[in-house]
Amino acid sequence: MPPRIAKLAAFGAFGAVAFFLAIYALIAVASVPRHTGGIDWVEAVVTWISVGIAVLAVVALHIVLARGLFDIARGGRRPL
């Protein structure tokens with residue numbers, strides 16, 4: 001893979017991390033219990049934890065992938 005493409009892909013992976021965190025924030029705000037109805041606090045906390053674990057796993061994967069791509073862009077031979 002050419003170094004320029006690897007660097008661009010690494011920045012794309014970090015952009016995906018920002019997107020996943022924004023989606024998590026949207027879900028967290030949308031699932032806050034309201035006085036007019038909706039879910040209660042227990043269901044909201046379960047939603048935050050379950051979605052948070054999934055987002056954390058995907059974020060960790062993208063960070064590892066981006067670090068590997070940056071190493072390739074610097075001329076290293078790191079297997080992805």
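Computed from heavy atoms alone, side chains included, the values below leave out hydrogens, waters and symmetry copies.
- A donor-acceptor contact shorter than 3.5 Å is absent between the side chain of Tyr24 and the backbone of Phe19.
- Residues Ser31 and Ala44 share a closest heavy-atom pair of O-CB, 3.3 Å.
- A continuous path of hydrophobic side-chain contacts links Val17 to Phe11 [ILVMFWY only; heavy atoms under 4.5 Å].
- Atom CZ of Arg4 sits in a sparse spot, with 12 or fewer heavy atoms from other residues, nucleotides or ligands closer than 6.0 Å.
- Taking hydrophobic clusters as Ile, Leu, Val, Met, Phe, Trp and Tyr residues chained together by side-chain heavy-atom distances below 4.5 Å, Val64 does not share a cluster with Phe14.
- Residues His62 and Val58 have side chains in contact (heavy-atom distance under 4.5 Å, counting atoms from C-beta outward).
- Annotation: the span from Ile27 atom CD1 to Thr47 atom OG1 amounts to 9.0 Å, rounded to 0.5 Å.
- Rounding to the nearest 0.5 Å places CG of Leu65 at 4.5 Å from CG of Leu69.
- Using a 4.5 Å cut-off on side-chain heavy atoms (C-beta onward), Pro3 and Ile72 make no contact.
- Residues Ile53 and Val51 share a single hydrophobic cluster, defined by chaining ILVMFWY side chains whose heavy atoms lie under 4.5 Å apart.
- Under the 4.5 Å side-chain heavy-atom criterion for Ile, Leu, Val, Met, Phe, Trp and Tyr, Val45 and Val32 are members of the same hydrophobic cluster.
- Tracing side-chain contacts under 4.5 Å through hydrophobic residues (I, L, V, M, F, W, Y), one reaches Ile49 starting from Trp41; they form part of the same cluster.
- Looking only at side-chain heavy atoms (C-beta outward), Val59 and Leu21 come within less than 4.5 Å of each other.
- In this structure, Phe70 and Lys7 have side chains that are in contact, with non-hydrogen atoms separated by less than 4.5 Å.
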